[in-house]
Amino acid sequence: MIMTQTTKDDSLQRAKDYVDGVFKTVQERNPGEVEFHQATKHIFSSLVPVFAKHPKYMKNGILERISEPERLITFRVPWVDDNGNVQVNRGFRVQFNSSIGPYKGGTRFHPSVNASIIKFLGFEQIFKNALTGQPIGGGKGGADFSPKGKSDNEIMRFCQSYMTELVNHIGPNVDIPAGDIGVGAREIGFMFGQYKRLRGAYEPGVLTGKDVRFGGSLVRPEATGYGLIYFANHMMHDLGLTFEGSNVVVSGAGNVAIYAMEKAMELGAKVVACSDSSGYIYDEQGINLETIKRLKFSGNGQVASYLDEHPHAVFHDNCAEIWNVPCDIALPCATQNEIDADIAKTLIKNGVKVVAEGSNMPSNQEAIDLFNESHILFGPAKAANAGGVAVSALEMAQNSMKLTWPFEKVDKKLHEIMLNIYHNAVNAAEEYGYPGNLDVGANIAGFIKVGDAMIREGVV
Ligand code: GLU
């Protein structure tokens, strides 16, 4: 008995030393890339019990390989603005891992985009995509371009220039970009048009998130937000909690936030606050989603204008303070690192019961630790927001079959996928000694699928 315990302790220590060693290399090889370090450290630390139990992953150098992108492409994106001035942005595409399928992941246009942001997103995407059960590898792209205040023509010229370089690196069986912050159906349309022209072929499977009139899938616009609510609902169900009658706060007012609000409301929740970069609104009667949709889907409207139609609501110009609003269920759907330890403490003090992440890496490690210690139900991004990329994979499937599935069929598949992800995360957490910890469970379940494929495909 004592011997067994000692052996177990030894293998855990060996696994921990291995993980620390590889993480040190990641830090040294990618200096200053704080978001990438944060994402790798977070996932690496979840994997210690896996390496302790199965040394084959260490022997095959899986961690060393999985944390080094297969390819990182950086390129100049020159374009001419409406005043005739030449502008230059920097474009990126990280092709992180192709062991279980072609590279797949979104495209972010935001001034904050740099190699660290793209690599953290691409790294997360490997595990998220594996969790969906679909045959898709991990990738991500974007540019440090701000779509804010740009005319349609400027957006078109930018997208065309971005694609003029990207066309050399993507294809329906190679790498399939989609949207993310700052990239929606309009941008995907412009990029698809340019790809088609440069290739001289109609290959709808090269991009997902397309308009339904040229190969887009029904439910894709709603998929991340709806999937988030399906996932949260499954977590809550096991504890006897429901959306019905709950107070919900959703940060953000983009695609993910809007459809998360829609589905939460459909299930009987009252969504009392949402935000954008200008600030947040609080409506104690419950947010009117039609107004938000009108403001956000048609041009450059800000949530502050909500008060024009609903004067009883309140606007605060600091979006980070949205988390001071007491709620039962918190759904961060804005961007990375919006929930730190202080905000987590405020949420816990105000009685939050559930936190489910719609955006990528919204909570930092300290915040996640606090949620776990306080037994808050926590749905980690790579599981809870995987519905978007899952339906992207269904869009690719429809494109290769040259047919379109009805809304109900795609929605049902999305539902099943989210339930599967939930069960896989629960089971992995249980098996590796972290019962109920979906964060660790999701990291482990995603890793094992990719790691096993990498072993079988040899050292490539
Ligand atoms: N950008 C989304 C994500 O973070 C969707 C990616 C896709 O559909 O390829 O997962």
Side-chain angles (χ1 to χ4, degrees), residues 35 39 92-98 100-110 113 117-143 166 170-172 174-185 187-188 191-192 204-211 215-228 231 252 254-260 332-336 356-362 379-399 410 413-414 417-418 421 442 446:
E35 294 84 3
F92 298 89
R93 186 76 192 165
V94 67
Q95 299 182 330
F96 227 118
N97 193 292
S98 62
I100 62 166
Y103 312 107
K104 178 84 197 90
T107 307
R108 178 176 293 191
F109 290 166
H110 191 270
V113 164
I117 299 275
I118 294 298
K119 279 155 74 178
F120 114 66
L121 289 165
F123 189 65
E124 287 276 306
Q125 201 83 40
I126 304 172
F127 304 90
K128 181 196 310 198
N129 292 2
L131 283 168
T132 66
Q134 304 296 308
I136 41 178
K140 199 86 188 192
L166 198 65
I170 63 174
V174 179
D175 184 357
I176 303 95
D180 195 85
I181 294 172
V183 178
E187 290 73 18
I188 294 292
M191 287 193 248
F192 180 65
V206 69
L207 290 161
T208 60
K210 299 179 293 295
D211 188 287
S217 174
L218 291 166
V219 193
R220 179 62 190 88
E222 296 87 351
T224 312
Y226 279 16
L228 173 67
F231 187 91
N255 202 51
V256 180
I258 284 177
Y259 290 109
C333 296
T335 192
Q336 68 273 359
E357 299 182 323
S359 50
N360 291 309
M361 205 167 74
K382 69 176 71 60
N385 80 17
V389 75
V391 174
S392 275
L394 302 180
E395 181 172 332
M396 289 159 63
Q398 293 168 79
N399 291 157
V410 183
K413 283 183 183 285
L414 170 63
I417 290 170
M418 298 315 293
I421 296 174

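Whatever order the structure lists ligands and atoms in, that order sets their numbers, starting from 1.
- Close approach of ligand 1 to Lys140 is summarised as follows: ligand atoms under 4.0 Å from at least one heavy atom of the residue are 1 (N), 3 (C), 4 (O).
- The backbone N or O of Ser359 sits less than 3.5 Å from a side-chain atom of Asn385, completing a donor-acceptor pair.
- Minimum interatomic distance between Thr208 and Ser392 (heavy atoms only, all atoms of both residues): OG1-OG, 2.8 Å.
- Under 4.0 Å from ligand 1, the heavy atoms of Asn360 that appear belong solely to its side chain.
- The single protein non-hydrogen atom nearest to atom 5 (C) of ligand 1 is Arg220 NH2, 3.4 Å, given as residue, atom name and distance.
- Remark: ligand 1 atoms within the under-4.0 Å shell around heavy atoms of Ala178 are 7 (C), 8 (O), 9 (O).
- Rounding to the nearest 0.5 Å places NZ of Lys210 at 3.5 Å from CD of Glu395.
- The closest approach between a heavy atom of Gly179 and any atom of ligand 1 is below 4.0 Å.
- In this structure, atom 6 (C) of ligand 1 lies nearest to the protein heavy atom Gly106 N, 3.5 Å.
- Contact annotation: for Lys128 versus ligand 1, heavy atoms closer than 4.0 Å belong to the side chain alone.
- Nearest non-hydrogen protein atom to atom 9 (O) of ligand 1 is Lys104 NZ, 2.7 Å.
- Distances between N or O atoms of Asn385 and those of ligand 1 include no value under 3.5 Å.
- Distance check, rounded to the nearest 0.5 Å: NZ of Lys104 to NZ of Lys128 gives 10.5 Å.
- Residue Glu124 does not touch ligand 1, judged by heavy-atom distances below 4.0 Å.
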| message | Run Glu124 and Asn360 through side chain to side chain donor-acceptor pair (under 3.5 Å) and show every step you take. | response | CA-CA 8 Å; Glu124 287 276 306; Asn360 291 309; over 6 Å; no

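- Residue Gln134 is tested with Ile417, Ile100, Asn129 for a side chain to side chain contact (heavy atoms under 4.5 Å, CB included); the sole match is Ile417.
- Atom CD in Gln125 sits 11.5 Å away from atom CZ in Phe96 (nearest 0.5 Å).
- The backbone N or O of Ala143 lies less than 3.5 Å from no partner atom in the side chain of Arg108, so there is not a single donor-acceptor pair.
- Taking atom 8 (O) of ligand 1 as the reference point, the nearest protein heavy-atom neighbour is Ser392 OG, 2.6 Å.
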